Amino acid sequence: MQKIEAVIQPSKLEAVKDALVEIGVQGMTITEARGHGRQKGHTEFYRGREYSVDLLPKVKLETVVSDDLLDKTVQAIITAARTGTIGDGKIFVTKIDDAIRIRNDERGELAL
Amino acid sequence: MQKIEAVIQPSKLEAVKDALVEIGVQGMTITEARGHGRQKGHTEFYRGREYSVDLLPKVKLETVVSDDLLDKTVQAIITAARTGTIGDGKIFVTKIDDAIRIRNDERGELAL
Amino acid sequence: MQKIEAVIQPSKLEAVKDALVEIGVQGMTITEARGHGRQKGHTEFYRGREYSVDLLPKVKLETVVSDDLLDKTVQAIITAARTGTIGDGKIFVTKIDDAIRIRNDERGELAL
Amino acid sequence: MRSMVLKIWLAVLVAVVAGCPLMSGVRAEAQLPVVAAWIVPQVAQGTDADRIASLEKKLAEQQVAVAAAQTSGDNSWMLTSAALVLLMTGPGLALFYGGLVRKKNVLSVMMQSFAMMAVVTVLWALVTYSLAFGTGNAFIGGLHNMFLRGVGLEPSAYAPTIPLQTFMIYQLMFAIITPALITGAFAERVKFSAMLVFMVLWTIVVYSPMAHMVWGVGGLLNAATGKFPCLDFAGGTVVHVTSGVSALVMALYVGKRAGYPKTPMAPHSVVLSFIGACLLWFGWFGFNAGSALAAGTLATSAFVATHFGAAAAAIGWTAAEWIRNGKPSALGAISGAVAGLVAITPASGFVTPMGALAIGLIAGVVCFFMVVKVKVWFGYDDSLDAFGVHGAGGTLGAILTGIFAKSTIYPIFGVGKATGLLEGNGHQVLNQAVGVAIAWALAIVGTLLLLVIVDRTIGLRVSAEEEEAGLDLSLHGEEGYEWSH
Amino acid sequence: MRSMVLKIWLAVLVAVVAGCPLMSGVRAEAQLPVVAAWIVPQVAQGTDADRIASLEKKLAEQQVAVAAAQTSGDNSWMLTSAALVLLMTGPGLALFYGGLVRKKNVLSVMMQSFAMMAVVTVLWALVTYSLAFGTGNAFIGGLHNMFLRGVGLEPSAYAPTIPLQTFMIYQLMFAIITPALITGAFAERVKFSAMLVFMVLWTIVVYSPMAHMVWGVGGLLNAATGKFPCLDFAGGTVVHVTSGVSALVMALYVGKRAGYPKTPMAPHSVVLSFIGACLLWFGWFGFNAGSALAAGTLATSAFVATHFGAAAAAIGWTAAEWIRNGKPSALGAISGAVAGLVAITPASGFVTPMGALAIGLIAGVVCFFMVVKVKVWFGYDDSLDAFGVHGAGGTLGAILTGIFAKSTIYPIFGVGKATGLLEGNGHQVLNQAVGVAIAWALAIVGTLLLLVIVDRTIGLRVSAEEEEAGLDLSLHGEEGYEWSH
Amino acid sequence: MRSMVLKIWLAVLVAVVAGCPLMSGVRAEAQLPVVAAWIVPQVAQGTDADRIASLEKKLAEQQVAVAAAQTSGDNSWMLTSAALVLLMTGPGLALFYGGLVRKKNVLSVMMQSFAMMAVVTVLWALVTYSLAFGTGNAFIGGLHNMFLRGVGLEPSAYAPTIPLQTFMIYQLMFAIITPALITGAFAERVKFSAMLVFMVLWTIVVYSPMAHMVWGVGGLLNAATGKFPCLDFAGGTVVHVTSGVSALVMALYVGKRAGYPKTPMAPHSVVLSFIGACLLWFGWFGFNAGSALAAGTLATSAFVATHFGAAAAAIGWTAAEWIRNGKPSALGAISGAVAGLVAITPASGFVTPMGALAIGLIAGVVCFFMVVKVKVWFGYDDSLDAFGVHGAGGTLGAILTGIFAKSTIYPIFGVGKATGLLEGNGHQVLNQAVGVAIAWALAIVGTLLLLVIVDRTIGLRVSAEEEEAGLDLSLHGEEGYEWSH
Ligand SMILES: Nc1ncnc2c1ncn2[C@@H]1O[C@H](COP(=O)(O)OP(=O)(O)O)[C@@H](O)[C@H]1O
Ligand SMILES: Nc1ncnc2c1ncn2[C@@H]1O[C@H](COP(=O)(O)OP(=O)(O)O)[C@@H](O)[C@H]1O
Ligand SMILES: Nc1ncnc2c1ncn2[C@@H]1O[C@H](COP(=O)(O)OP(=O)(O)O)[C@@H](O)[C@H]1O
């Protein structure tokens, strides 16, 4: 099994979620995140004091899929999340050794 | 060392935490998350507009343990987090190559 | 490629971020987290009811770097994040199998 | 953009400065009496008889004018007070309570208070005003004033200088907040529908009679005319004892929230509660000083007592907490202030400023122990301490009123006649006790009865799943705070 | 620390208790007339003629004193009312609207309301007060009162018992909230600069003439003297119809928010909106009851009608929603209350309490369907339902006023003269229709015209990136909530 | 459920409609004078002498009635004003300040304001009222009024038409907000206990004498009777200069927050600050217009000036910011409004509406530069700009008062006598300067002295760990927002 971690633009979350469900990837977990990278931040002023904000709002989406679904999933995310502008984010892939469904002890791919 | 990632029901956090401490697993890191899976969401109405919410509140708990503690830990989480209804969540296991305690550079299992 | 996950004190985020940028590690993703470990919590009182809070605010910083940058990065984080008191946090290292830049399909180290 | 703004702004500046001289035209004459113009030149003319006749006529007219002026002054304050008392419920109480619950229930709690603002109002117009203030027997009013029939704009026996409708709407605000206070006891676990039905019945069965007995014409406990003259200036028994005691019964009947007390249920936002508490304090000036039903010295006296009582109680509670827990909390300070406001309510029109300070200090400490110790001993789950603060504080305040009441402040029993215990009228403490006892009895019996009825028919409690998911979602289909954007 | 606190606290307690006896010195004499001292001993002296002369003199002086007292009472209420109406815009409306948008736009929305508080005020002083209330023709006032020239502290024809400046500042608060209401239509997508310019022009071109026609001396629709006497007690046409209709035009012209309706845009904090709605209700007492321009019985009547209308509408909307969606929401309840307040506004000074209940119930249900169904049918994006609530509610209220108006409440056409349809004056409904029609026409034409101008010059809409990033960041360089600490 | 709701709702609808006709019974008679009934039939009877005698008697009685009516009107406004000024501190200032700090300190800041509401109140009753307004020398009052001895309900020399206790409680609200304003300077780093002790002493040593000098009988700077008649209508020197300057001293003495200015410390919720600022504006009407101590034309004039000053300053600050930073921020707009309210405070009762606009515009721009540039130059950490806004704004306002004051608005030096510079009384600017100088001196010396004392005994600053953890947790054992549910 592979774990796909995608850091995307918050505005793309809905689209990506739908795209995944589309290709049959039901399970996913989302967390709010802040990102730093090439995308340049912005400055804010409070009572004249300047704050340069370089940690920008992102959403981190994690989904664990069976190896055969990997490429399809990655592709789906890319297509749905891409705007073509800097800051679109990244996808990271790692191997998962085991997965368990808490509800009923199902293990491995069964648990996804 | 193994990293155990558990996505659980927020209401089970306390129980799981205690269960882990019980078996001697002190260290853990929690993040608020939203989950999508088989558990069906709900609909909300704002001024008559219908919103179907299918990203449900979950809590993600991560703990890195020595290989020998793996099964015990997983079991503890399952027992504490299970309600038996859809949405109880998942546990994912990955290998961790290294761990460092920032305070004093301790490495490996020492750092846990 | 290696993924470095660091759980640090919120107050150290700015310092760590700057330290990483310093050594040329631009890309990173931050999430707010709560941690449990050796650091003892505190108690709060609401209308006389005592609440012992043992999940303390932490920040989780993730950055994926090329293997050669690993040690340098870890060292940078340690130096910037250390206060020497219990609760400074941990760093975990995992192998990443693949990385993709959503914007332009760049893969592997290119994508970082 | 910038330059444009600069231009516009300069333009305005110029305009203003240019405007200044032009203003010299405005002769404000704050000093000359506003109506100097009106004065008819008093050239003596006609026979004495004529002049006397015209004087008598003018004087009679002026009598009317004076009465109208008096009404304007008093009505101005009473309308302000009515608005202030409404503000106490929404957003005041809604925020105070809303901040104390968990995120997932914040709207359900605020909605309960808001529902009272709507439902009790219509009910009042239909029947409860009549039951509370219509002429009836010693226990309850009649139905003559249903649909507000006969409730017009002339002054009334209740308040000689303001329109009867002002009195009606002002009293309505009290009828709104009283049931709203109870909602604190069963927060986070009761059906909205059941709550609605219960409150409608409660207002009819418990509130209306109690209000009639204490404030209604011929009421049993009416301070001026009643069999057991009970001093309750602004609702210590009518509002706080009835709601607080009903809250206790409710908490016991409904049972604890799932997981209580094991699961931590810390307030989700003390900040919201803080705002609410401040608005309660602010609105309470209308609640107590408004109960003078005029803007004269009695209103001032009640206003001062109210403020002093709140301040002293905040100190009392905070000090007690500081000593006991080692830290003074903001939640403690605001809870103390509210406790003081509750306790001073029945006394506000009868006590001196220093008396108010004493009552406040005592109330702050006592309520602290009620909430912190007593509740734990008995182990019931009065989620937001409606009983600990309103039941206990109201009872305490009612008794203390019998002790501190001064005829120099309000000679309700006749000028110079001893009013409270400190003035030598020990008997009054008994009368106060009678009032409190009746309030307790009525609240317990009435609430229990209604609870059984509603529970048997609609069912009081939400399902375990609904409670787990949070009432905002399960009952109202919405969330207080949206996470995603 | 603890022990120290304990000591301090005991010290205070002692001081207070010690203070009590000392207080016995305070003889409050609430009962003796405050000014007993003043009474001049009435020893009869001098000839009858002398005594008569002195009486005449005293009487004349007293006439002045009475007028001054009357002014104090009325002015007290009017200053309070003016403050209340300002509170409606900030924080009332700002919160109501701010809670309904997404986090990233909360400040931009609040800022728009706040900007009206500042800009419309200066504009009013410079010219719009004169255009609205200065003597002019049937459609608009003249420029004599520019820079408030001649707007002093004497009473005026507009209000005989209060300083003209009180009237001026009170009316200003209406001029502030009206454009602020419109901002709900184009929230989350319009340039701040464009909004400013548009609103300044709109106040001049649409608001001022409308206010003059309905309330100004010699106004076309003036209820007392106008060609088409239109009943609008507190601004149903002037405030709500003009703003609501302009909002609709604006929403259509500006177009939808990016992603609407596909992307979910749930309110980011119904809690904020709840607070705002309650403050609106509270402030509305000043808005409607204040429109009596005095603190007499008419103010009371309007106050009662306002409260009843709001309550009934909250029930109406909630019930409709409960039946249709299966759940009653807090957002629904507060939206209903606001709709009721809108609808009762023109009627508030003319209808009985029961009439107000009827109007409220109807308005609650009608506005619910306007917002829930009609908007969806037409598919325009009136972000915060400025039209659905204010346009629809205002129009409905104006018509219903023509039906429910009672001469027994306010005999504006003469004592006993039939006022509304229920009293047999069917013609009034037509006059109301005329008023509404003119308001619609003026709003549509004026708004369209100004939109084109502003769009061609400054440009109305922000860039897609700015909209995506959120207006708080892109236009104001700040964020409503800081995440990092 | 649905169907049930439907039924209930229909029932209500029916009831209401049914009720309407019944209502026809309500004859409101808004038109007939409320008390028509009272008019005694004026049948001429008895000899002229008798009739004259009875007239004289009636007239005397009426004189009392008129005075009572006058009191009702004025007292109504003054009680409202007192409540409004309290609202400024809680929740107004508490929110304004609370929103500007970091999450972890929000309660500690709100708690400081709330503590003033409680502690200063008791202190006022015990001694400070006496020190401020009791008869004494030119610098401070005596102790005769300790425990409010002799402070009753009769009118007084301070305000001839309202009860003395109304004056006392109204002035108390000023004594509460003044120290609360200072807390902005040392937010996020000072011990609660030290703050309490310091503020108690500060109220005695700095506030009381200053209030006495400017407003007390025989005060050195008393505008009417003082050696250096200083115009300060509502507290520019007494409230804002003393608090602002003390804040500066405090900020310098206490030192910067850990990490300042490197670590970003953006406001955690501009939304909260926005609510607070609006409530400050709202409450300020009580602060300034209430300072007329009556509800007459002077109150109106001060009300108008207050509103105009706030609006113009909001524009001034925002424009300056827009030009300098390229973006107008909500925080800027509200800060500007507050600065304008501060600057107009001393002038509010003396200037024309256009004069108020001018003062506001100037204050908005000046305070912007004080906060944005000057603070940075000097590099002290006045966390929430208590000095930049109140110290600078108050000083500026006091001077401008000497320039813009008009005898046509308030002929304090006699009718027609030149009051301010623009009227030709250049000397007044000097007197204003004297007042300001004394306020500065007293604030600097007093604050320094007390700081040293408190620092040596209790210690002012929290430990580095406590500061890091946040004062809410470390000092108050609670958190503003609960994350877990
Ligand atoms: N090396 C990395 N490790 C972890 N997260 C990263 C890394 N590089 C980028 N990110 C995440 O991806 C987001 C987008 O990256 P950025 O360089 O700004 O744009 P792009 O992905 O288009 O090159 C960042 O905000 C950050 O959250
Ligand atoms: N493949 C997956 N990858 C990541 N997270 C998952 C995956 N499947 C489920 N989850 C997480 O587990 C939660 C529960 O899963 P769900 O299918 O709803 O119930 P159950 O675990 O009982 O089958 C989801 O809300 C989601 O957060
Ligand atoms: N085994 C672990 N797995 C995951 N996170 C951990 C683990 N141990 C510690 N942490 C994280 O590191 C933080 C600091 O650890 P703690 O033991 O309190 O102090 P220290 O790192 O100085 O030993 C914890 O709050 C938790 O968030």
Side-chain angles (χ1 to χ4, degrees), chain C residues 3-14 16-17 26-64 83-90 92 99-105 111, chain D residues 96-97 99-102 184 256-257 259-270 273-274 277 317-318 320-336 338-339 364-365 367-377 379 381-389 392 483:
Chain C
K3 177 195 207 184
I4 302 168
E5 268 182 287
V7 180
I8 60 173
Q9 296 283 22
S11 56
K12 287 299 181 183
L13 175 56
E14 284 290 311
V16 172
K17 186 188 72 193
Q26 276 281 333
M28 64 193 86
T29 301
I30 279 82
T31 46
E32 291 181 85
R34 293 266 158 175
H36 185 280
R38 302 189 187 173
Q39 180 184 11
K40 53 180 266 308
H42 53 262
T43 57
E44 300 179 8
F45 283 94
Y46 295 100
R47 294 249 174 108
R49 272 202 63 199
E50 194 168 341
Y51 294 84
S52 58
V53 177
D54 54 3
L55 289 174
L56 306 170
K58 301 285 167 186
V59 162
K60 189 167 130 192
L61 182 147
E62 294 168 79
T63 179
V64 176
T83 70
T85 58
I86 295 184
D88 277 356
K90 311 264 189 271
F92 302 113
I100 305 104
R101 185 190 308 279
I102 291 173
R103 172 158 48 95
N104 58 12
D105 286 337
Chain D
F96 186 58
Y97 277 175
L100 293 177
V101 296
R102 289 164 291 177
K256 300 173 180 169
R257 285 164 291 180
Y260 180 90
K262 212 206 143 310
T263 327
M265 299 177 178
H268 90 278
S269 171
V270 176
S273 298
F274 182 95
W317 183 304
T318 310
E321 187 185 35
W322 203 337
I323 295 161
R324 188 170 173 287
N325 301 345
K327 285 176 181 172
S329 71
L331 179 57
I334 60 177
S335 304
V338 172
V365 179
C367 290
F368 171 77
F369 282 106
M370 286 301 300
V371 167
V372 170
K373 282 235 147 291
V374 181
K375 187 173 69 168
V376 181
W377 282 332
D381 179 14
D382 176 1
S383 322
L384 314 182
D385 300 307
F387 173 71
V389 172
W483 69 280

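Note on naming: letters A, B, ... go to the chains in the order of the sequence lines (proteins, then strands), and numbering restarts at 1 for each one. The structure presented is a predicted model; accordingly, all values stated were derived computationally and were not measured.
Under the ring pair (Phe, Tyr, Trp, His ring centres under 6.0 Å) criterion, D:Phe368 pairs with D:Trp317, not counting sequence neighbours. When the ring pair (Phe, Tyr, Trp, His ring centres under 6.0 Å) test is applied to C:Phe45, no partner is found at least two apart in sequence or on another chain.
A distance of 12.5 Å separates NZ in D:Lys256 from CG in D:Asp382, rounded to the nearest 0.5 Å. Taking OG1 of C:Thr43 as the reference point, atom CG of C:Asp54 lies at 11.5 Å (rounded to 0.5 Å).
Interface check for chain C: of the options D:Ser335, D:Gly388, D:Ser329, D:Ala266, the most heavy-atom pairs under 4.5 Å are formed by D:Ala266. Looking only at heavy-atom pairs under 4.5 Å with chain D, the residue among C:Glu44, C:Glu50, C:Arg47 that has the most is C:Arg47.
Heavy-atom proximity under 4.5 angstrom to chain D picks out nothing from residues 4-14 of chain C. For residues 27-42 of chain C, an interface with chain D (any heavy-atom pair closer than 4.5 Å) does not exist.
Between D:Thr318 and D:Gly332 the shortest heavy-atom distance is OG1-C, 4.4 Å. Nearest heavy atoms, C:Ala111 versus C:Ala99: CB-O, 3.8 Å.
A salt bridge links D:Asp385 to D:Lys375: at least one charged side-chain nitrogen sits closer than 4.0 Å to a carboxylate oxygen.
Within the 4.5 angstrom heavy-atom criterion, only side-chain atoms of C:Tyr51, from C-beta onward, approach chain D.
Of the possible donor and acceptor atoms, none in the side chain of D:Lys373 sits under 3.5 Å from a partner among the backbone N and O of C:Gly48. Listed for the C:Arg49 side chain is a donor-acceptor partner under 3.5 Å among the backbone atoms of D:Pro261.
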